[in-house]
Amino acid sequence: MADDALTVIKDTVEDNVSERQVEFVAEMEGEEYQFAVQYDLLEALSGDVPDGDAIEMFERYSDDILEAALTALGRDMEQSLVVVSENDLD
């Protein structure tokens, strides 16, 4: 899976404040997957708690987030929602 790449589908990135996560759809090899990036991951990458700027943080750290998302997806490609957490960082 190291050679595979996830591509975020434009206009699918949403801040789900009540669940404390940024949700998005990404495509890999013609398949679409639904992801949720926990705020804890954004905080680990930025050093700041998201406060109305979670999508901006997501975009700023998108390369690291997509690497972590690949790790999370690799655990189970059949899950309907792939939750990406701080534990998925290298």
- How many angstroms lie between CG in Leu6 and OG in Ser62, if you round to the nearest 0.5 Å? 11.5 Å

- Message: Test of understanding: with salt bridge (charged side-chain N to carboxylate O under 4.0 Å, His left out), list the residues that count as partners of Glu59, not counting sequence neighbours.
- Response: none

- Message: Please report the interatomic distance CG(Leu73) to CD(Gln79), rounded to the nearest 0.5 Å.
- Response: 7.0 Å

- Same cluster or not: are Val25 and Val22 linked, directly or through other Ile, Leu, Val, Met, Phe, Trp or Tyr residues, by side-chain heavy atoms under 4.5 angstrom apart? no

- Message: Counting only heavy atoms from other residues, nucleotides and ligands, does the tally under 6.0 Å from CG of Asp76 exceed 12?
- Response: yes

- Which atom pair, heavy atoms only, marks the closest approach of Met57 to Ser46? CE-OG, 3.5 Å

- Task: Specify the closest pair of heavy atoms between Val8 and Thr12, including all atoms of both residues, with the distance to one decimal.
- Result: CG1-OG1, 4.4 Å

- Query: Between CG of Leu66 and OG1 of Thr7, what distance do you get to the nearest 0.5 Å?
  - Reply: 8.0 Å

- Query: Can you list the residues that meet the salt bridge (charged side-chain N to carboxylate O under 4.0 Å, His left out) rule with Asp88, with sequence neighbours excluded?
  - Reply: Arg75

- In short, Ala69 meets Val82 closest at the heavy-atom pair O-CG1, 4.5 Å

- In Å, rounded to the nearest 0.5 Å, how long is the span from CD1 of Ile55 to CZ of Arg60? 13.0 Å

- Message: Counting C-beta onward and ignoring hydrogens, is there a side-chain heavy-atom pair between Ile9 and Glu32 closer than 4.5 Å?
- Response: yes

- Query: Going by heavy atoms in the side chains, are Leu81 and Phe35 under 4.5 Å from each other?
  - Reply: no

- Item | Any Tyr39 side-chain heavy atom under 4.5 Å of Asp15 side chain | yes

- Polar side-chain atom of Glu67 near backbone of Asp64 as donor-acceptor pair, under 3.5 Å: no

- Item | Glu27 side-chain N/O to Gly30 backbone N/O, donor-acceptor pair under 3.5 Å | yes

- Message: Is any side-chain heavy atom of Leu41 closer than 4.5 Å to one of Tyr61?
- Response: no

- Query: Got a donor-acceptor contact below 3.5 angstrom from the Asp40 side chain to the Gln38 backbone?
  - Reply: no

- 4.5 Å side-chain heavy-atom contact, Tyr33 and Met77: yes

- Determine yes or no for a side-chain-to-main-chain donor-acceptor pair under 3.5 angstrom, with Asn16 supplying the side chain and Glu19 the backbone. yes

- Message: Checking Ile65 against Leu42 for the side chain to side chain contact (heavy atoms under 4.5 Å, CB included) test, could you report, in this order, the C-alpha distance in whole Å, the side-chain angles of both residues, the deciding distance, and whether it holds?
- Response: CA-CA 8 Å; Ile65 291 169; Leu42 296 174; 3.7 Å; yes

